[in-house]
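Before any comments, here is the structure.
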Amino acid sequence: MKNVAGMGAAVLLAAMAVSGQTDTAARVFEVASIKPGKPILQAITDGSFIGMAIEPGRVRIGQMPLSKLIQTAYGIRKYQLAGPDWLLNPQGPSGFDIEAKLPPGATADEVPAMLQTLLRDRFHLVAHAAGGEMDTYALVVAKGGVKFQRKDPTGGPKGMAAGTGTFKMSIVPGAGTHVETSTITGLVDYLSPEGTLPLPVVDKTGLTDEFDIKMDIPPAGITPGAPIDLAALREASMTRLFEAVEKLGLKLERQKNRVETIVVDRVDKTPTEN
């Protein structure tokens, strides 16, 4: 998924796509099957595939809500999507399982455009690009420079696995949260509103390589048996998060920035039949 700082060209292309002004030679999935997903707890119990994986000759998507499908297709985050409440805040089982066959020679970079076409054809998606200035946190390189290393290009496959997202997170009782990612985009995804921080995070680091980024966030102190002050707990958690980011040689600065959005004018709750 593209980061917010680089969204200008991406959203311009998205605007062309949603308005129907796409290149007539644009690729599409050869075949695509869309089925309602299971309730999420049942899917987890059954070991069903959850997420998105781009494999040789095909794309698999499991248990993905319609709103997330749109975000994936247009390279945006949750706060960059506007539309009806039922879409943004779905109630009950609302995910879809998709199996799609890629045309010969198709690359992973072409998949989002194919997904856009699928949404227009099967869910009758109509949307437009918009945007405006809002309060954000800008992620910048601190004065002393970053304190993590570039990834060894011979050390294994690039990037995080397609089915696991752009970062990996684990919570260790008593030790706090451990986050790993290979890109600044992955770090921004973790920090973004649907993850941790209350405001959009704009990547202004200028770092586009692959890195070995590991961040440890200590737990906010809670005294067993003592009343919990939620406001104080949130403040302590934010302080520890900012300190963890600074240990990476980065900083979060409060700024006004333009944030592009995709506004959904119309979309069906269920797709046309396979």
Side-chain angles (χ1 to χ4, degrees), residues 1-23 26-29 32 51-54 59-61 64-83 87-88 96 98 100 102 106-123 125-132 134 136-139 158-167 181-195 197 199-210 257-265 267:
M1 192 173 288
K2 301 182 186 298
N3 61 45
V4 180
M7 281 300 297
V11 172
L12 177 59
L13 291 174
M16 293 172 63
V18 294
S19 63
Q21 301 171 15
T22 51
D23 185 348
R27 299 223 191 192
V28 297
F29 293 125
M52 177 175 174
I54 302 174
V59 173
R60 286 197 303 150
I61 296 174
M64 190 171 286
L66 182 54
S67 59
K68 186 65 175 177
L69 287 172
I70 297 172
Q71 291 171 53
T72 302
Y74 291 103
I76 59 176
R77 296 184 174 90
K78 184 177 180 180
Y79 60 83
Q80 292 174 275
L81 181 64
L87 174 68
L88 304 180
F96 293 95
I98 299 177
L102 293 171
T107 66
D109 289 341
E110 295 175 288
V111 169
M114 295 183 202
L115 190 54
Q116 290 174 25
T117 301
L118 184 71
L119 289 166
R120 292 195 301 273
D121 291 347
R122 301 289 297 277
F123 289 89
L125 172 67
V126 178
H128 67 275
M134 64 173 64
T136 70
Y137 286 113
L139 184 67
K158 295 187 71 178
M160 307 298 282
T164 59
T166 57
F167 64 87
T181 181
S182 59
T183 64
I184 295 298
T185 296
L187 184 60
V188 169
D189 284 344
Y190 172 74
L191 296 171
S192 293
E194 57 266 39
L197 292 174
L199 295 175
V201 178
V202 177
D203 175 14
K204 289 195 170 182
T205 64
L207 302 173
T208 58
D209 291 340
E210 297 234 332
N257 281 291
R258 180 176 176 82
V259 175
E260 308 293 348
T261 59
I262 291 293
V263 181
V264 174
D265 302 304
V267 67

Open item on the list: How close do Ser192 and Arg77 get, counting heavy atoms only, and between which atoms?
Closed with: OG-CD, 3.3 Å
TODO: Side-chain contact test, heavy atoms from C-beta onward, threshold under 4.5 Å: evaluate it for Val259 versus Tyr79 and give yes or no.
DONE: yes
- [ ] Using side chain to side chain donor-acceptor pair (under 3.5 Å) as the criterion, list what pairs up with Thr205, not counting sequence neighbours.
- [x] Asp203
Open item on the list: Is the shortest side-chain heavy-atom distance between Ile76 and Thr261 below 4.5 Å?
Closed with: no
Open item on the list: Tell me if a side-chain donor or acceptor on Glu210 pairs with a main-chain N or O of Ser182 at a distance below 3.5 Å.
Closed with: no
Task: side-chain contact (heavy atoms from CB on, under 4.5 Å) between Ile61 and Thr72, worked out - done: CA-CA 11 Å; Ile61 296 174; Thr72 302; over 6 Å; no
- [ ] First locate atom CG of Leu197, then atom OH of Tyr190, and finally report the distance between them rounded to the nearest 0.5 Å.
- [x] 8.5 Å
Task: Atom pair CG (Leu69) and CZ (Phe123), whose distance is rounded to the nearest 0.5 Å - done: 6.0 Å
TODO: Drop me the distance from Ile98's CD1 to Leu118's CG, to the nearest 0.5 angstrom.
DONE: 5.5 Å
Task: Partners meeting ring pair (Phe, Tyr, Trp, His ring centres under 6.0 Å) with Phe29 (sequence neighbours left out) - done: none
Task: Validation row: Leu66, Leu119 side chains within 4.5 angstrom (heavy atoms) - done: yes
TODO: Mind checking salt bridge (charged side-chain N to carboxylate O under 4.0 Å, His left out) for Asp109 and listing every partner two or more places apart, or none if nothing turns up?
DONE: none
Task: Contact check, side chains of Leu199 and Thr136, non-hydrogen atoms, under 4.5 Å - done: no
- [ ] Look up atom CG in Asp265 and atom CG in Leu125, then write down how far apart they are to the nearest 0.5 Å.
- [x] 8.5 Å
Open item on the list: Just so I know, are the side chains of Asn257 and Lys204 near enough to count as touching, which here means a heavy-atom distance under 4.5 Å?
Closed with: yes
- [ ] Apply side-chain contact (heavy atoms from CB on, under 4.5 Å) to Asp121 and list each qualifying residue two or more places apart in sequence or on a separate chain.
- [x] Thr117
TODO: Flag the pair Leu102 / Met114 as yes when at least one side-chain heavy-atom distance between them is below 4.5 Å, and no otherwise.
DONE: yes
Task: Any side-chain heavy-atom pair of Thr181 and Asp189 under 4.5 Å - done: no
Open item on the list: Is there a side-chain contact between Val59 and Leu115 in this structure, where contact means two heavy atoms from C-beta onward sitting under 4.5 Å apart?
Closed with: no
